[in-house]
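Sequential numbering from 1 along the given sequence is applied to the chain's residues. Computed over heavy atoms, backbone and side chain alike; hydrogens, waters and symmetry mates excluded.
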Amino acid sequence: FESSNDAVMLLDKKRFSDCNDATLKMFGYATREEFCSKHPGEVSPPKQLDGKDPVEAVNEKIAKAFRGGRNFFEWTHRRADGKDFPAEVLLTPLELEGREVLQATVRDMTEHRLLEEQLRHAQKMEAIGQLAGGVAHDFNNLLTGILGYISFAMMKIDESDPIYDDLKEVKQCA
């Protein structure tokens, strides 16, 4: 319980009954009493990403876990300072001292999401780089053809012809 890096808490049907130190650190609460006085929906923003009320949605998830066993889902939580963070939550029913409780394990996914975003950005940049390289290669092929035809044209006309200087300028630009 205490050695986990994830937030681990115990909850009955309405409130938290205990939590580890990682929970206090993750959620930004000073004491277990302060944290445990909350309903799980109260450590969430007013609306989840799906638009649901968090208290109602949490009650559904708790009931589902008590009825059917483990329940794993993604959730947005809110720290004591008001900052939201993405999390993965695993609810596992267990019996403790003769009563049924849920063990909730919460993993902060903030860093994971940032790394995913960085990876997506890197993949986009790689795709743009490949596209730019392909365009440059195709453009180089066109310029090679242009330079070849300009050279042929310059061989067919006399250097004193006024067009010769124009071709020479086009060749220089290419």
Ile163 atom CD1, neighbour heavy-atom count above 12 within 6.0 Å: no

Does Asn140 use its side chain to pair, donor to acceptor, with the backbone of Ala136 at less than 3.5 Å? no

Search all heavy atoms of Ala22 against all heavy atoms of Asp6 and return the closest pair with its distance. CB-O, 3.4 Å

Does the pair His39 and Asn59 meet the rule for a side-chain contact (heavy atoms from CB on, under 4.5 Å), with working shown? CA-CA 10 Å; His39 179 278; Asn59 288 338; 2.9 Å; yes

Is Glu100 atom CD crowded by more than 12 heavy atoms from other residues, nucleotides or ligands, each under 6.0 Å away? no

Find out if a path of hydrophobic residues (ILVMFWY) with successive side-chain heavy-atom gaps under 4.5 Å connects Leu10 to Phe35. no

Over 12 foreign heavy atoms within 6.0 Å of CD, Glu111: no

Could you give the distance from CZ (Phe85) to CZ (Arg113), rounded to the nearest 0.5 Å? 12.0 Å

Derivation and outcome, side-chain contact (heavy atoms from CB on, under 4.5 Å), residues Val101 and Asp18: CA-CA 11 Å; Val101 297; Asp18 198 4; over 6 Å; no

I'd like to know if Ile150 and Phe139 are part of one continuous hydrophobic network [Ile/Leu/Val/Met/Phe/Trp/Tyr, side-chain heavy atoms within less than 4.5 Å]. yes

Within the distance-only criterion (no hydrogens, no angle test), does the side chain of Asn71 pair as donor or acceptor with the backbone N or O of Phe66 below 3.5 angstrom? no

Ile157 and Val170: same hydrophobic cluster, using ILVMFWY side-chain contacts below 4.5 Å? yes

Check this for me: Glu169, atom CD, are more than 12 non-hydrogen atoms of other residues, nucleotides or ligands nearer than 6.0 Å? no

If you apply the rule side chain to side chain donor-acceptor pair (under 3.5 Å), what do you find for Glu117 with His121, and how did you get there? CA-CA 6 Å; Glu117 184 58 36; His121 182 70; 5.9 Å; no

Residues Leu91 and Ala65: closest non-hydrogen pair is CB-CB, 3.8 Å

Taking all non-hydrogen atoms of both residues, which atom of Ile62 and which atom of Leu11 are closest, and how far apart? CD1-CD1, 3.4 Å

Hydrophobic clusters here meaning ILVMFWY residues chained together by side-chain heavy-atom distances under 4.5 Å, can you tell me if Val106 and Phe73 are in one? yes

For the atom pair OH (Tyr149) and OG1 (Thr144), what is the distance rounded to the nearest 0.5 Å? 12.5 Å

Could you check Asp108 against His77 for side chain to side chain donor-acceptor pair (under 3.5 Å), going step by step and ending with a plain yes or no? CA-CA 9 Å; Asp108 185 342; His77 281 291; over 6 Å; no

Is Val8 linked to Phe16 within one hydrophobic cluster, defined over Ile, Leu, Val, Met, Phe, Trp and Tyr using a side-chain heavy-atom separation of less than 4.5 Å? no

Do Ser151 and Lys171 come close enough that some side-chain heavy atom pair is under 4.5 Å? yes

Would a distance-only check, ignoring hydrogens and angles, find a side-chain to backbone donor-acceptor pair under 3.5 Å from Glu159 to Tyr164? no

Which atom pair, heavy atoms only, marks the closest approach of Ala57 to Trp75? CB-CH2, 3.5 Å

Quick one: pull up CD1 in Ile146 and CG in Asn141 and give me the separation to the nearest 0.5 Å. 11.0 Å

Any side-chain to backbone donor/acceptor pair from Arg79 onto Met26? Under 3.5 Å, distance only. yes

What distance do Lys38 atom NZ and Arg78 atom CZ have between them, rounded to the nearest 0.5 Å? 12.0 Å

Residues Arg15, Cys36; criterion side-chain contact (heavy atoms from CB on, under 4.5 Å); working and verdict: CA-CA 7 Å; Arg15 298 259 179 238; Cys36 288; over 6 Å; no

Could you tell me whether the side chain of Asn20 and the main chain of Phe1 form a donor-acceptor pair under 3.5 Å? yes

State the CD-CD1 distance between Gln123 and Ile128, to the nearest 0.5 angstrom. 12.0 Å

Would the distance check show the side chain of Arg32 and the main-chain N or O of Cys19 forming a donor-acceptor pair, the cut-off being under 3.5 Å? yes

Counting only heavy atoms from other residues, nucleotides and ligands, does the tally under 6.0 Å from CG of Asn5 exceed 12? no

Between Pro54 and Pro45 the two heavy atoms that sit nearest each other are CG-O, 3.0 Å

Specify the closest pair of heavy atoms between Gly28 and Ala80, including all atoms of both residues, with the distance to one decimal. O-CB, 3.2 Å

In this structure, CG of Asp81 is separated from CZ of Phe27 (nearest 0.5 Å) by 12.0 Å

